[in-house]
Number of protein chains: 2
Amino acid sequence: MIKRVTAADVAARAGCTPAAVSLWINGKTAGRISDQVGERIREAVEALGYVPNRTAQQLSTGQSRQLAFVFPDVWYTFFSYILDGITAEIDESWDLALTMPLRHEREQGGGTRAALQRALRGGPAGLIIASPEREMLDLVPPGLPTVVIDADSAPEHCSLARYDFEPGAAAVAAHLSAAGHERVGYIGLDRRADTLLTRRARLGDALEAHDIRFALPDLLLDNIRADMVADRVSDWLTSDVTAVICGDESLAYGAIAASQRLGRSVPGELSLVSFNDLAPASLIEPSLTSVHMPTYEIGRLAGQMLASRVAGGDVRVETVPTELVVRESTGPRAVLR
Amino acid sequence: MIKRVTAADVAARAGCTPAAVSLWINGKTAGRISDQVGERIREAVEALGYVPNRTAQQLSTGQSRQLAFVFPDVWYTFFSYILDGITAEIDESWDLALTMPLRHEREQGGGTRAALQRALRGGPAGLIIASPEREMLDLVPPGLPTVVIDADSAPEHCSLARYDFEPGAAAVAAHLSAAGHERVGYIGLDRRADTLLTRRARLGDALEAHDIRFALPDLLLDNIRADMVADRVSDWLTSDVTAVICGDESLAYGAIAASQRLGRSVPGELSLVSFNDLAPASLIEPSLTSVHMPTYEIGRLAGQMLASRVAGGDVRVETVPTELVVRESTGPRAVLR
DNA sequence: ATGAAAGCGCTAACAA
DNA sequence: TTGTTAGCGCTTTCAT
């Protein structure tokens with residue numbers, strides 16, 4: 001760490017004690033610091049460019065001004081939306097420490113537990129965990145204000161902001177059914193995250209209610225890079241299905257590419273639906289029919305919940321609905337050769 | 001912060017002093033701690049679940065295990081690539097604290113200075129700053145190991161990893177010239193970042209060498225959201241130009257949408273080129289002709305440079321070339337009505 | 001209204 | 001080889 005100006009330096013210049021500087025800095029000046037001394041301190045702080053040492057403050061008070069945000073993968077724009085929501089709700093007195101699996105941790109699968117552990121050792125005052133995996137949440141110290149985003153459930157002592165996938169999934173099923181589809185396939189992410197498993201489960205229920213069945217075993221991928229997805233999809237996709245549902249938007253881009261490479265046009269010869277619906281969904285060609293998840297909103301919600309929690313408020317659980325946005329990537333069931 | 005087990009607790013149980021615990025924890029046991037005491041400490045640490053308090057360590061040693069990464073905007077996937085590169089080069093003993101402008105800071109323009117200040121008060125051992133603005137770098141304390149990414153220049157005491165835009169820009173000019181374009185327009189981002197200004201400057205030089213001129217005043221935007229970009233482009237684009245160059249890929253998506261909305265097909269009636277070339281460039285329709293910037297590689301480079309700098313190595317400056325990737329969004333000059 | 005002093009949990013220099 | 005002591009920079013309680 002770099003040698004910096006300390007409260008003692010300021011005190012020396014202002015002709016008072018470090019304690020007075022502390023009081024003044026923290027605005028606890030009422031009935032404690034006279035105006036003259038206050039003014040001298042102000043001048044000295046200004047002149048010396050004094051900035052309190054957070055580490056010392058933290059050690060002294062036992063309170064950190066750091067909020068930690070743990071998320072599984074840098075590659076999902078999804079987390080940009082959440083982050084944007086969170087930062088809209090917290091003020092500049094907080095430090096936001098983002099923690100994600102390191103590259104080698106990700107390569108050997110997951111790494112989110114390790115990421116959480118690293119986040120914890122920074123001694124945060126509050127914690128936000130996005131799209132956690134099953135085995136992670138038991139690491140969260142009870143007593144640490146925590147909000148979990150995008151999971152079915154969380155420990156008692158954690159606030160929770162989650163999606164209700166039921167309406168979105170029901171709409172997908174109704175939409176595909178109306179278009180005559182009866183045999184579909186599912187492409188998912190190979191991670192044990194609540195949110196992913198639930199999307200699949202709600203979808204399964206909804207499709208069953210419409211007598212639509214999965215005609216291929218699910219394709220589970222561990223990577224969302226479009227080119228890698230495209231390769232795997234090419235080997236998997238057969239003429240057994242007339243529609244494919246992707247558990248996440250990121251997978252759909254590769255699926256579209258693969259489908260076209262195989263000579264099956266979208267939506268002419270294959271319909272494609274996804275979950276997530278971020279900005280690119282409406283930009284690609286064909287634009288993507290997708291279950292919209294209000295992600296910026298859930299980020300704001302999480303930010304609010306954490307702020308209130310850290311301030312001593314109660315644990316809250318909020319659920320926001322999803323809905324289907326129909327675009328160009330779905331159409332009537334193809335007549336198969 | 002949660003009440004935790006301290007070294008004193010461990011010492012009490014092991015029948016030694018806190019100092020011995022510290023030595024043992026830090027592996028400085030040679031000739032200092034006997035095997036018997038060491039074993040008792042090990043047992044006590046184990047039984048009590050002792051984890052050293054980072055804050056106290058940091059205050060005591062003056063050394064933090066935190067690396068700070070400052071970047072201007074969550075919305076650029078660009079930074080995901082960099083982050084991916086950085087995390088490939090650092091090990092788990094480091095905490096990586098990401099800092100970006102808060103939402104309200106961004107709204108009133110920039111906020112990157114504020115973000116840097118927030119990063120600094122965490123007392124990082126090293127610093128990476130991506131795509132800085134002109135007035136930021138003077139805030140960096142000399143003596144703090146720092147690497148600047150994606151800027152023309154940096155203070156003496158900072159390492160620098162930058163792009164050479166000259167080859168990319170030259171290729172753009174040659175490509176457009178060969179296709180017969182003579183009048184073009186430029187869409188940029190309204191931020192005083194070196195990288196953006198330099199892209200524009202190198203492009204200007206290169207086009208001039210090919211007698212291609214800017215037939216419209218540059219359109220400078222403060223937002224990269226495709227829908228907002230599209231609106232502004234619609235008002236700006238005229239038949240004076242047959243090709244448009246975007247300073248960043250993110251702008252091109254909106255530009256394509258706007259162009260098509262105005263009834264000018266791409267590339268039939270308008271050619272489009274961008275800088276940056278991230279994954280979506282090859283996925284959208286038409287795929288984007290773009291100046292490729294090796295961003296993951298520059299992230300790794302930065303990670304290496306910082307690691308070596310923190311370990312006492314020298315300041316380094318590295319420059320990586322850019323190159324044009326020709327795809328579908330450019331074609332022969334349109335015959336204008 | 002002000003100053004002195006203790007202590008947060010750890011490390012490092014010192015003495016024993 | 002071990003134990004003691006003095007800080008790191010700040011906050012806070014207690015005298016003055």
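By convention in this document, chain letters (A, B, ...) are assigned in the order of the sequence lines, proteins followed by strands, and residues within each chain are numbered from 1. Just so it is clear, the values below take in all heavy atoms, side chains as well, and ignore hydrogens, waters and symmetry mates. All values derive from a computational prediction rather than experimental measurement.
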Chi angles and distances behind the side chain to side chain contact (heavy atoms under 4.5 Å, CB included) call for L116(A), L127(A):
CA-CA 9 Å; L116(A) 176 53; L127(A) 184 63; 3.9 Å; yes
Give a yes-or-no answer on whether the side chains of R162(B) and T319(B) include a donor-acceptor pair shorter than 3.5 Å.
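There is such a pair between these side chains.
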So, S159(B) and R309(B): side-chain donor and acceptor under 3.5 Å apart, yes or no?
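Per modelled atom types, S159(B) and R309(B) side chains form no pair under 3.5 Å.
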Protein-nucleotide distance ([X], atom [atom1]; [N], atom [atom2]), rounded to Å:
X	N	atom1	atom2	answer
R65(B)	dC10(C)	CZ	P	18 Å
W24(B)	dT11(C)	CH2	P	13 Å
I25(A)	dT12(D)	CD1	P	13 Å
L59(A)	dT11(D)	CG	C1'	10 Å
Q57(B)	dC8(D)	CD	P	18 Å
L23(A)	dC10(D)	CG	P	14 Å

State, to the nearest 10°, the angle formed by the axis through the first five base pairs of the helix from dA1(C)-dT16(D) to dA16(C)-dT1(D) and the axis through its last five.
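One end axis against the other gives 50°.
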Between [options], spot the one nearest the side chain of [X], thanks.
X	options	answer
A7(B)	dG9(D), dG3(C), dC10(C)	dC10(C)
N53(A)	dC10(D), dG9(C), dA4(C)	dC10(D)
T6(A)	dT11(C), dG9(D), dT12(D)	dG9(D)

Using only side-chain N and O atoms of K28(B), determine if any of them is under 4.0 Å from OP1 or OP2 of dT11(C).
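For dT11(C), OP1/OP2 do not have a side-chain N/O of K28(B) under 4.0 Å.
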Does a side-chain N or O of S60(A) approach OP1 or OP2 of dC10(D) to a distance below 4.0 Å, or not?
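So the side chain of S60(A) is outside the cut-off, no N or O lying under 4.0 Å from OP1 or OP2 of dC10(D).
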Set out, in order, the CA-CA distance, both residues' side-chain angles and the distance that settles side-chain hydrogen bond (donor to acceptor under 3.5 Å, both in side chains) for R118(A) and T99(A), then state yes or no.
CA-CA 7 Å; R118(A) 269 184 282 114; T99(A) 310; 5.9 Å; no
Any donor and acceptor pair, going by atom type alone, linking the side chain of D9(A) with main-chain N or O of T6(A) inside 3.5 Å?
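Present.
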Carboxylate-amine/guanidinium contact R300(B) E297(B), below 4.0 Å
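Salt bridge flag = no for E297(B) with R300(B).
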Contact residues, residues 33-43 of chain B to DNA chain D [heavy atom, < 4.0 Å]:
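Only I33(B), S34(B), V37(B) qualify.
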Which is it for R113(A) and L139(A) under the side chain to side chain contact (heavy atoms under 4.5 Å, CB included) test, yes or no, and what are the steps along the way?
CA-CA 8 Å; R113(A) 253 182 96 89; L139(A) 273 182; 3.8 Å; yes
What's A20(B) touching, base or sugar-phosphate or nothing? Going by heavy atoms closer than 4.0 Å.
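No contact at all - A20(B) keeps every heavy atom at 4.0 Å or more from the nucleic acid.
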Among D150(B), T295(B), T198(B), whose side chain to side chain donor-acceptor pair (under 3.5 Å) with Y163(B) holds?
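The option that passes is T295(B).
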Ring centres under 6.0 angstrom apart (F71(A), F69(A))
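Under 6.0 Å, so yes.
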